[in-house]
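The basis for the numbers below is simple: all heavy atoms, side chains too, and nothing from hydrogens, waters or symmetry mates.
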Amino acid sequence: MFMGRGDLTGDEWARLRPHLPKSGQRGGPWASHRRVINGRLFRQRTGVPWRDLPARFGKWKTAYERHRRWSADGTWDTVFAAVLADADAEGRIDWSMVSVDSTSCRAHQHAAGARRRPRECREKTHAPAAPARRGARAIPGRAHLQDSSRWRGRAPSVGAADHSGQWGDAPQLIPVMERIRVVRLDGGRPRTRPDHFGGDKAYSSRRNRRYLRRRQIKHTIPEPGSQRANRKRRGSRGGRPTGFDKTIYKRRNEVEWTINALKHFRAVATRFDKRAYVFQGTVTVVAIRLWLRG
């Protein structure tokens with residue numbers, strides 16, 4: 001079997017195959033999952049239009065439609081959860097600390113012009129309720145990522161969220177933390193709580209610190225000068241100074257290495273997908289790919 005650069009290796013395919021939907025459940029036999037996924041990986045890595053996929057990956061529309069459907073019905077999220085569970089069982093997730101940061105994803109002009117009404121999807125969709133208008137300019141998004149990898153820069157986040165670029169970072173901390181859920185293969189409750197949390201001053205707020213304390217998660221978040229001055233101005237009502245460990249804070253750059261690893265794929269660095277849920281699926285596919293490499 002011919003294998004191009006960036007395609008799944010035999011070992012990676014063997015690890016991924018058990019978590020994929022069974023072929024032929026509806027509409028007759030499906031095209032090879034492995035060939036179609038390799039086509040998607042080629043597109044994520046190079047950023048080429050779907051119509052320009054090389055012929056060795058089969059019909060471009062098959063690759064696109066399967067990616068769109070699996071992004072809409074949560075299949076990619078299910079596969080990602082299974083891959084994370086395997087990684088946790090192998091001890092490849094470091095729960096001693098999780099770091100968070102955000103990055104902007106520039107929307108290309110090809111991401112504009114989505115249909116007023118999305119095409120119907122038979123599966124339960126995770127697509128956003130408000131469709132974009134035809135010809136509307138796509139809004140650049142910000143992806144919030146959590147890194148909990150044992151090998152720095154090699155394995156990506158265990159939680160991610162995408163939102164409009166105009167939103168602030170602090171309100172997104174809790175939604176991203178709530179997405180952390182790693183199933184245990186030996187049974188028991190899923191792992192949802194890291195031992196420590198690290199983030200820059202953009203995530204500093206009373207609400208976030210109360211949330212982390214309530215969940216008994218130690219945290220290292222620098223306090224902005226404005227918040228520190230306001231606390232001192234209020235005197236005893238301002239509360240105690242926040243603790244800060246410079247040594248632990250140095251580990252926060254692990255999430256930045258993760259962002260760099262994700263953005264090596266051009267379809268992540270620049271958003272070409274017209275709809276947010278499809279772009280979220282694109283990021284998830286890349287995360288799956290990096291975890292398989294790890």
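- Under a 3.5 Å cut-off, the side chain of Arg207 and the backbone N or O of Ile174 do not form any donor-acceptor pair.
- Rounding to the nearest 0.5 angstrom, the gap separating the CG atom in Leu212 from the CG atom in Leu173 is 6.0 Å.
- The same ILVMFWY cluster, assembled from side-chain heavy atoms under 4.5 Å apart, contains both Val83 and Trp13.
- Among Arg35, Arg34, Arg56, the single residue meeting the salt bridge (Lys or Arg N to Asp or Glu O under 4.0 Å) criterion with Asp7 is Arg56.
- The two residues Arg15 and Pro18 come nearest to each other via the heavy atoms O-CD, 3.6 Å.
- Counting heavy atoms from C-beta outward, Pro21 and Trp70 have side chains that approach closer than 4.5 Å.
- Atoms CD and CD1, from Glu12 and Ile288 in turn, are 12.5 Å apart once rounded to the nearest 0.5 Å.
- Rounding to the nearest 0.5 angstrom, the gap separating the OH atom in Tyr277 from the CG atom in Asp73 is 10.0 Å.
- At a threshold of 4.5 Å between non-hydrogen side-chain atoms, the residues Arg43 and Leu53 count as touching.
- Panel note: side chain Arg193, backbone His196; no donor-acceptor pair is recorded below 3.5 Å.
- The two atoms that bring Val278 and His67 nearest to each other are O-NE2, 3.6 Å, heavy atoms only.
- Side chain of Asp245 to backbone of Thr247: a donor-acceptor contact under 3.5 angstrom is found.
- The number of heavy-atom neighbours closer than 6.0 Å to NZ of Lys218, taken from other residues, nucleotides and ligands shown, is 12 or below.
- Residue Ala202 comes nearest to Asp169 through the heavy atom pair CB-OD2, 3.7 Å, listed as atom of the first residue, atom of the second, then distance.
- For the atom pair CZ of Phe272 and SG of Cys105, the computed distance is 11.5 Å after rounding to the nearest 0.5 Å.
- Here the shortest heavy-atom pairing between Pro54 and Phe42 reads CD-CE2, 3.5 Å.
- Hydrophobic clustering (side-chain heavy atoms under 4.5 Å, transitive across Ile, Leu, Val, Met, Phe, Trp, Tyr) keeps Val36 apart from Leu41.
- Within a 6.0 Å sphere centred on CZ of Arg213, other residues, nucleotides and ligands contribute more than 12 heavy atoms.
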Q: Let me see the working for Val79 and Leu16 under side-chain contact (heavy atoms from CB on, under 4.5 Å), right down to the final yes or no.
A: CA-CA 8 Å; Val79 173; Leu16 182 62; 3.6 Å; yes
Q: List the steps, then state whether side chain to side chain donor-acceptor pair (under 3.5 Å) holds for Arg215 with Tyr211.
A: CA-CA 6 Å; Arg215 296 194 60 188; Tyr211 169 81; 2.8 Å; yes
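- Under the 4.5 Å side-chain contact rule for hydrophobic residues, Leu84 and Leu185 do not share a cluster.
- In this structure, Arg51 places its CZ atom where only 12 or fewer heavy-atom neighbours from other residues, nucleotides or ligands lie under 6.0 Å away.
- Although no hydrogens or angles enter the test, the distance criterion places no donor-acceptor pair under 3.5 Å between the side chain of Arg209 and the main chain of Thr242.
- Side-chain heavy atoms closer than 4.5 Å link hydrophobic residues (I, L, V, M, F, W, Y) into clusters, and following such links, even through other members, never connects Tyr249 to Ile221.
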(Q) Working note: Gln44 + Arg289, criterion side-chain contact (heavy atoms from CB on, under 4.5 Å); need CA distance, chi angles, decisive distance, verdict. (A) CA-CA 10 Å; Gln44 320 300 44; Arg289 182 70 177 95; over 6 Å; no
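- The side-chain heavy atoms of Arg266 and Thr270, taken from C-beta on, include no pair separated by under 4.5 Å.
- Hydrophobic clustering (side-chain heavy atoms under 4.5 Å, transitive across Ile, Leu, Val, Met, Phe, Trp, Tyr) keeps Val183 apart from Leu20.
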**Q.** Residue pair Asp11, Thr9: steps toward the side chain to side chain donor-acceptor pair (under 3.5 Å) verdict
**A.** CA-CA 5 Å; Asp11 180 64; Thr9 65; 5.3 Å; no
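- Applying the 6.0 Å contact sphere to CZ of Arg184 captures more than 12 heavy atoms from other residues, nucleotides or ligands.
- The CG atom of Leu8 sits 9.5 Å away from the CZ atom of Arg293 when rounded to the nearest 0.5 Å.
- With contacts defined as side-chain heavy-atom distances shorter than 4.5 Å, the pair Trp95/Ile180 qualifies.
- For the residue pair Gln227 and Ser204, a side-chain donor N or O sits within less than 3.5 Å of a side-chain acceptor on the partner.
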**Q.** Full working for side-chain contact (heavy atoms from CB on, under 4.5 Å) between Phe265 and Leu290
**A.** CA-CA 11 Å; Phe265 293 77; Leu290 293 177; 4.0 Å; yes
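- Here the closest heavy-atom approach between residue Tyr203 and residue Ser102 is recorded as OH-N, 3.4 Å.
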**Q.** Test side-chain contact (heavy atoms from CB on, under 4.5 Å) applied to Ser99 and Trp257, step by step
**A.** CA-CA 11 Å; Ser99 302; Trp257 296 339; over 6 Å; no
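- In this structure, Arg68 is not positioned above the aromatic face of Trp50 in the sense of NZ or CZ being under 6.0 Å from the six-membered ring centre and within 45° of the axis.
- Among Arg252, Arg251, Lys250, the single residue meeting the side chain to side chain donor-acceptor pair (under 3.5 Å) criterion with Glu254 is Arg251.
- Between atom CE of residue Met177 and atom CG of residue Asn208 there is a gap of 10.0 Å, rounded to the nearest 0.5 Å.
- The one candidate from Lys201, Arg228, Arg231 that meets the side chain to side chain donor-acceptor pair (under 3.5 Å) condition with Glu223 is Arg231.
- Using modelled atom types, one finds no donor on one side chain facing an acceptor on the other under 3.5 Å when comparing Asp86 with Trp291.
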